[in-house]
Amino acid sequence: MVSLSSYLILSATLFAIGTLGFIIRRNALVVFMCVELMLNSVNIAFVAFARAHGNLDGEISVFFVMVVAAAEAAIGLAIVIALFRNIQSVETSDAVELKW
Amino acid sequence: MAIAFYILALLIIVSALGVISMKNPIHSAMCLIVTFLGVAGIFATLEAHFLATVQIIIYAGAIMVLVMFVIMLLNLKYEANTTLDYLFWIIGAVGCIAFVAITSQLFLNSMLVPLDYQAGSVGTVANIGRVLFTKYVFAFEAAGILIMAAIVGSIVVAKSVKGREE
């Protein structure tokens with residue numbers, strides 16, 4: 001039987017990888033994917049705790065995290081499209097003007 | 001069960017490293033699909049059947065198709081200067097390894113309950129649905145409104161602004 005701490009360490013590792021990508025990458029699409037990685041890592045921790053304590057509230061939380069992630073995906077990608085239309089780039093280092 | 005966990009954990013970590021290190025966003029997205037499928041497997045080992053299914057349908061299906069559409073729509077060139085910041089890579093990697101080391105020590109040394117501490121209802125579709133439509137029904141309806149607002153908002157944001165300027 002795998003222990004609860006193994007799941008939590010996996011979750012922390014995935015969160016750290018997502019954070020690393022979020023800090024380092026310049027492409028707005030990849031930054032967006034790294035946010036999804038971090039959300040997934042938190043979901044693993046939620047489900048592991050829900051399993052350990054034998055109630056479904058954690059799993060319901062994961063369901064709502066997925067709903068919010070879907071909404072965030074739609075809005076985030078729309079913003080990327082609007083950004084690309086204005087500056088012909090999705091590099092975060094190119095998006096430096098507030099108004100043009 | 002243990003061997004499945006370790007294989008899936010390795011798959012998740014390797015493909016997540018692929019997401020942040022691939023130069024082409026399409027390759028990053030492909031790695032991300034593998035990560036999502038691995039997370040779905042992890043959910044399955046935790047007996048969260050409904051969430052494993054939904055993870056594949058929503059994340060590996062809907063969200064990744066959306067990301068792929070946008071990548072192909074924008075016709076991106078390769079990221080020009082991925083490797084310029086070796087210093088950033090090193091500092092970030094050191095910080096993240098430190099984070100993992102500290103939290104791992106914390107998890108291994110703290111008094112966590114075992115994974116099957118309390119027997120309860122497992123996350124089948126019937127059990128999740130029963131809780132979702134009784135205790136959390138208000139949050140469920142609010143989530144519906146949130147999705148509606150997100151759809152309308154994304155159309156407004158992504159709509160061409162040419163008509164307004166002319």
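A note on names: the letters A, B, ... follow the listed sequences, proteins ahead of strands, and every chain is numbered from 1.
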Notebook entry, point to check: Looking at B/Ala139, B/Ala149, B/Gly153, which has the largest count of heavy-atom pairs under 4.5 Å with chain A?
Noted result: B/Ala139
Margin query: Does any part of the side chain of B/Leu132, heavy atoms only, come nearer than 4.5 Å to the side chain of A/Phe64, both counted from C-beta?
Written below: yes
Margin query: Does any backbone or side-chain atom of A/Ala69 lie under 4.5 Å from a heavy atom of chain B? Answer side chain, backbone, both or neither.
Written below: both
Next item on the list: Using a cut-off of 6.0 Å, state whether more than 12 heavy atoms not belonging to A/Phe22 lie near its atom CZ.
Entry: no
Notebook entry, point to check: In this structure, are over 12 heavy atoms from other groups packed under 6.0 Å from A/Met38 atom CE?
Noted result: yes
Next item on the list: Check the hydrophobic clustering (I, L, V, M, F, W, Y; side-chain heavy atoms under 4.5 Å; chains of links allowed) and say if B/Val157 and B/Leu146 are grouped together.
Entry: no
Checklist line | Engaged part of B/Leu32 at the chain A interface, taking heavy atoms whose separation is under 4.5 Å | finding: side chain
Check: Between A/Arg25 and B/Ile20, is there a donor-acceptor pair closer than 3.5 Å when you use the side chain of the first and the backbone of the second?
Finding: yes
Note to self: Rounded at 0.5 Å granularity, tell me how far CZ in B/Phe5 sits from OG in A/Ser3.
What the structure shows: 7.5 Å
Checklist line | Shared hydrophobic cluster, A/Leu77 / B/Met72 (ILVMFWY, side-chain heavy atoms < 4.5 Å) | finding: yes
Notebook entry, point to check: Shared ILVMFWY cluster between A/Ile60 and B/Val137, side chains joined below 4.5 angstrom?
Noted result: no
Next item on the list: To the nearest 0.5 angstrom, please state how far the CZ atom of B/Phe88 sits from the CD1 atom of A/Ile23.
Entry: 9.0 Å
Note to self: Pair B/Arg130, A/Leu56 - check side chain to side chain contact (heavy atoms under 4.5 Å, CB included), show working.
What the structure shows: CA-CA 10 Å; B/Arg130 201 167 291 125; A/Leu56 291 173; over 6 Å; no
Margin query: If you compare all heavy atoms of B/Val100 against all heavy atoms of A/Ala12, which two are closest, and at what distance to 0.1 Å?
Written below: CG2-O, 4.1 Å
Note to self: Looking at chain B, which one of A/Val31, A/Asn55, A/Val90, A/Leu37 has the largest number of heavy-atom pairs inside 4.5 Å, strictly under?
What the structure shows: A/Leu37
Next item on the list: Please flag which part of A/Leu14 lies under 4.5 Å from any non-hydrogen atom of chain B: side chain, backbone, both or neither.
Entry: side chain
Next item on the list: Kindly give the heavy-atom pair with the smallest separation between A/Val2 and B/Ala2, and that separation in Å.
Entry: CG2-CA, 3.5 Å
Next item on the list: Identify which of B/Val156, B/Ile147, B/Ile151 forms the greatest number of heavy-atom pairs closer than 4.5 Å to chain A.
Entry: B/Ile147
Check: Do you reckon B/Leu10 sits in the same ILVMFWY cluster as B/Ile33, going by side-chain contacts under 4.5 Å, direct or chained?
Finding: no
Check: Does B/Lys135 reach the side chain of A/Asp57, with side-chain heavy atoms less than 4.5 Å apart?
Finding: yes
Checklist line | Which atoms of B/Ser104 approach chain A - backbone, side chain, both or neither, heavy atom under 4.5 Å | finding: both
Checklist line | B/Lys159 to A/Arg85 - nearest heavy-atom pair and separation | finding: O-NH1, 3.4 Å
Next item on the list: Determine whether the side chains of B/Asn127 and A/Glu59 contain a donor N or O and an acceptor N or O closer than 3.5 Å.
Entry: no
Checklist line | Contact leader toward chain A among B/Ile58, B/Thr103, B/Leu106, B/Leu17, where contacts are heavy-atom pairs under 4.5 Å | finding: B/Leu17
Notebook entry, point to check: Non-hydrogen atoms of chain A under 4.5 Å away: do they reach the side chain of B/Phe140, the backbone, both or neither?
Noted result: both
Next item on the list: Mind ranking B/Phe99, B/Phe36, B/Tyr136, B/Tyr6 by heavy-atom pairs under 4.5 Å with chain A and telling me who comes out on top?
Entry: B/Tyr136
Check: For B/Ala16, is it the side chain, the backbone, both, or neither that has a heavy atom closer than 4.5 Å to a heavy atom of chain A?
Finding: both
Item checked: Atom group of B/Ser28 that falls short of 4.5 Å from chain A, counting heavy atoms -> both
Next item on the list: For side chain to side chain contact (heavy atoms under 4.5 Å, CB included), just list the numbers for B/Ile12 and A/Thr13, CA-CA rounded to whole Å, side-chain angles, deciding distance to a tenth of an Å, and then say yes or no.
Entry: CA-CA 10 Å; B/Ile12 288 173; A/Thr13 311; over 6 Å; no
Check: Looking at A/Val80, A/Ile79, A/Val67, A/Leu8, which one has more heavy-atom pairs under 4.5 Å with chain B than the rest?
Finding: A/Leu8
Check: Could you give the distance from CE (B/Met22) to CE (A/Met33), rounded to the nearest 0.5 Å?
Finding: 11.5 Å
Notebook entry, point to check: What part of A/Ser41 gets closer than 4.5 Å to chain B, counting heavy atoms only: side chain, backbone, both or neither?
Noted result: neither
Note to self: Angle between ring planes, B/Phe50 versus A/Phe63, binned at 30° and 60°: parallel, tilted or perpendicular?
What the structure shows: tilted
Note to self: Working to the nearest 0.5 angstrom, can you tell me the gap between A/Phe49 CZ and B/Leu46 CG?
What the structure shows: 11.5 Å
Item checked: Nearest heavy atoms of B/Ser154 and A/Ala78, plus distance in Å -> O-CB, 3.5 Å
Next item on the list: Any chance you could lay out the side chain to side chain contact (heavy atoms under 4.5 Å, CB included) test for B/Val70 and A/Ile81, step after step, and finish with the verdict?
Entry: CA-CA 7 Å; B/Val70 171; A/Ile81 288 175; 4.1 Å; yes
Check: Between B/Leu108 and A/Ser5, what is the shortest heavy-atom contact and its length?
Finding: CD2-OG, 3.8 Å
Checklist line | Shared hydrophobic cluster for A/Val47 and B/Val113 (ILVMFWY, side-chain gaps under 4.5 Å) | finding: yes
Margin query: Heavy-atom pairs under 4.5 Å with chain A - which of B/Leu66, B/Leu51, B/Val131 has more of them than the others?
Written below: B/Leu51
Margin query: Between B/Phe43 and A/Ile44, is there a side-chain heavy-atom distance shorter than 4.5 Å?
Written below: yes
Margin query: Could you measure the distance from the SG atom of B/Cys96 to the CG atom of A/Leu20? Nearest 0.5 Å is fine.
Written below: 4.5 Å
Notebook entry, point to check: Taking every heavy-atom pair that is under 4.5 Å apart, which of B/Ile91, B/Thr45, B/Ile155 has the most such pairs with chain A?
Noted result: B/Thr45
Next item on the list: Sort out for me which of A/Ala48, A/Ala52, A/Gly21 touches chain B most, counting heavy-atom pairs under 4.5 Å.
Entry: A/Ala52
Notebook entry, point to check: Side chains of B/Ile13 and A/Leu10: does their closest heavy-atom pair fall under 4.5 Å?
Noted result: yes
Checklist line | Part of A/Leu29 lying under 4.5 Å from any heavy atom of chain B | finding: side chain
